[in-house]
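Below: the structure, in structure tokens.
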Amino acid sequence: MGITSDFFGKTVDGRAVERYVLQNDNGTSVAVLTRGATIQSIVFADVDIALGFDSVAAYEAQDAYIGATIGRFANRIGNGQFSLNGAAYHLRANNGPNHLHGGEHGFHQKIWTATIEGEVLRLHCHSPHGEGGYPGNLDTEVSFCLHENDELEIQYFARSDQDTVINLTNHTYFNLNGHDSGSLRAHTLQIFADRFTENDANCLPTGRLLAVEGTPMDFRERHTILERIDDAYEQLRLAKGYDHNWVIDGMGMRRFAIAVGEETGIMLEVLSDQPSMQLYTANFLELAVLGKGGVSYPARSGVCFETQGFPDAPNKKQFPTALLAADKCYRRSTVMKLSKK
Ligand code: GAL
């Protein structure tokens, strides 16, 4: 049905942030901010299912990447180091010894440039060579399209003038019973994966793949998210809950996961052409600010479905490559499909 925009606020250093609202004929709407190419709300069947904030200042006061586009490299790079074509690169550690989500001044903080093309919102950002420690002048575009069948399609495009590494995702925290419901209770989940990447104590992949079989990581059949989250299973204990990368069966565009908020009956299907998905149950969420409408978002009040390349791929030869070769086009897409059970 269309895209409208309004002024959302100003950053602490005076830059304007716009909000674009995509709406379809079913009354479904998705609001996207130019700061961080951030999903600020997703309203489906009159329920806002995405955690978010009412002001730019609140976004600036948290480092939980709420709703943001993550780049240049989603998830962790071990010790903030990698080598490429014989050169060593050093990135800032911002998560224990590791580099997380592109560093503290990653894409989640950039003001992106918006253009509208029919039903598609395109957000562009430029990252100069050396920014955050990464090689290559990189141009990135993220597009958002809300289809009439309530699919939110997110596409990523990027190109660099030098070989570089890349891993882009979106970090929306969903609560399918409403962003203000305070807990992930009554959420059922299915993930189409036989294996996941084992974490070390800092949630960095060790390089080994573990079978989900016989563990609380097995979501091949539906389970509620909270059912086994506190089981005495080392991988869950280390991450204080789910914060792992599931290796999704198959290739190309395919179904990753299905989640249902049993209190609203809202169902989310996640589809993507990425190799894997970090499921993060907001174990470390601790905010100094209140969310939309003055509600608080405690730990485990939202769940992220971060479709992505494997974490730390630049240092793990056995993982699918994160290399973006000079002048080649990086393209990935993810679909978030909403319906009522
Ligand atoms: C996740 C990450 C978590 C946590 C979170 C942001 O993607 O795996 O460990 O850092 O982002 O708070």
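Just so it is clear, the structure is predicted and the values come from calculations on it, not from any experiment. Ligands are counted one by one from 1 in listed order, and the atoms in each one are counted from 1 as well.
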- Nearest 0.5 Å, what's the CG-OG1 distance between Leu268 and Thr172? 10.0 Å
- Item | Residues forming a salt bridge (Lys or Arg N to Asp or Glu O under 4.0 Å) with Arg255, sequence neighbours excluded | Glu269
- Contacts of Asp25 that satisfy salt bridge (Lys or Arg N to Asp or Glu O under 4.0 Å) - sequence neighbours left out: none
- Query: Is the number of heavy atoms from other residues, nucleotides or ligands under 6.0 Å of Arg185 CZ greater than 12?
  - Reply: yes
- Task: Output all residues satisfying side chain to side chain donor-acceptor pair (under 3.5 Å) with Glu213, sequence neighbours left out; order by chain, then residue number.
- Result: Arg220
Tabulated below should be the N or O atoms of ligand 1 paired with protein N or O atoms at under 3.5 Å; can you produce that?
unit_1: ligand 1; atom_1: 7 (O); unit_2: His101; atom_2: NE2; d: 2.9
unit_1: ligand 1; atom_1: 7 (O); unit_2: His171; atom_2: NE2; d: 3.1
unit_1: ligand 1; atom_1: 7 (O); unit_2: Glu306; atom_2: OE1; d: 2.6
unit_1: ligand 1; atom_1: 7 (O); unit_2: Glu306; atom_2: OE2; d: 3.0
unit_1: ligand 1; atom_1: 8 (O); unit_2: Arg76; atom_2: NH1; d: 3.1
unit_1: ligand 1; atom_1: 8 (O); unit_2: Asp243; atom_2: OD1; d: 2.6
unit_1: ligand 1; atom_1: 8 (O); unit_2: Asp243; atom_2: OD2; d: 3.4
unit_1: ligand 1; atom_1: 8 (O); unit_2: Gln278; atom_2: NE2; d: 3.4
unit_1: ligand 1; atom_1: 9 (O); unit_2: Arg76; atom_2: NH2; d: 2.5
unit_1: ligand 1; atom_1: 9 (O); unit_2: Asp243; atom_2: OD2; d: 2.5
unit_1: ligand 1; atom_1: 11 (O); unit_2: His101; atom_2: NE2; d: 3.0
unit_1: ligand 1; atom_1: 11 (O); unit_2: His171; atom_2: NE2; d: 2.9

- Item | Within 45° cone of Phe157 ring axis and under 6.0 Å: Arg332 NZ or CZ | no
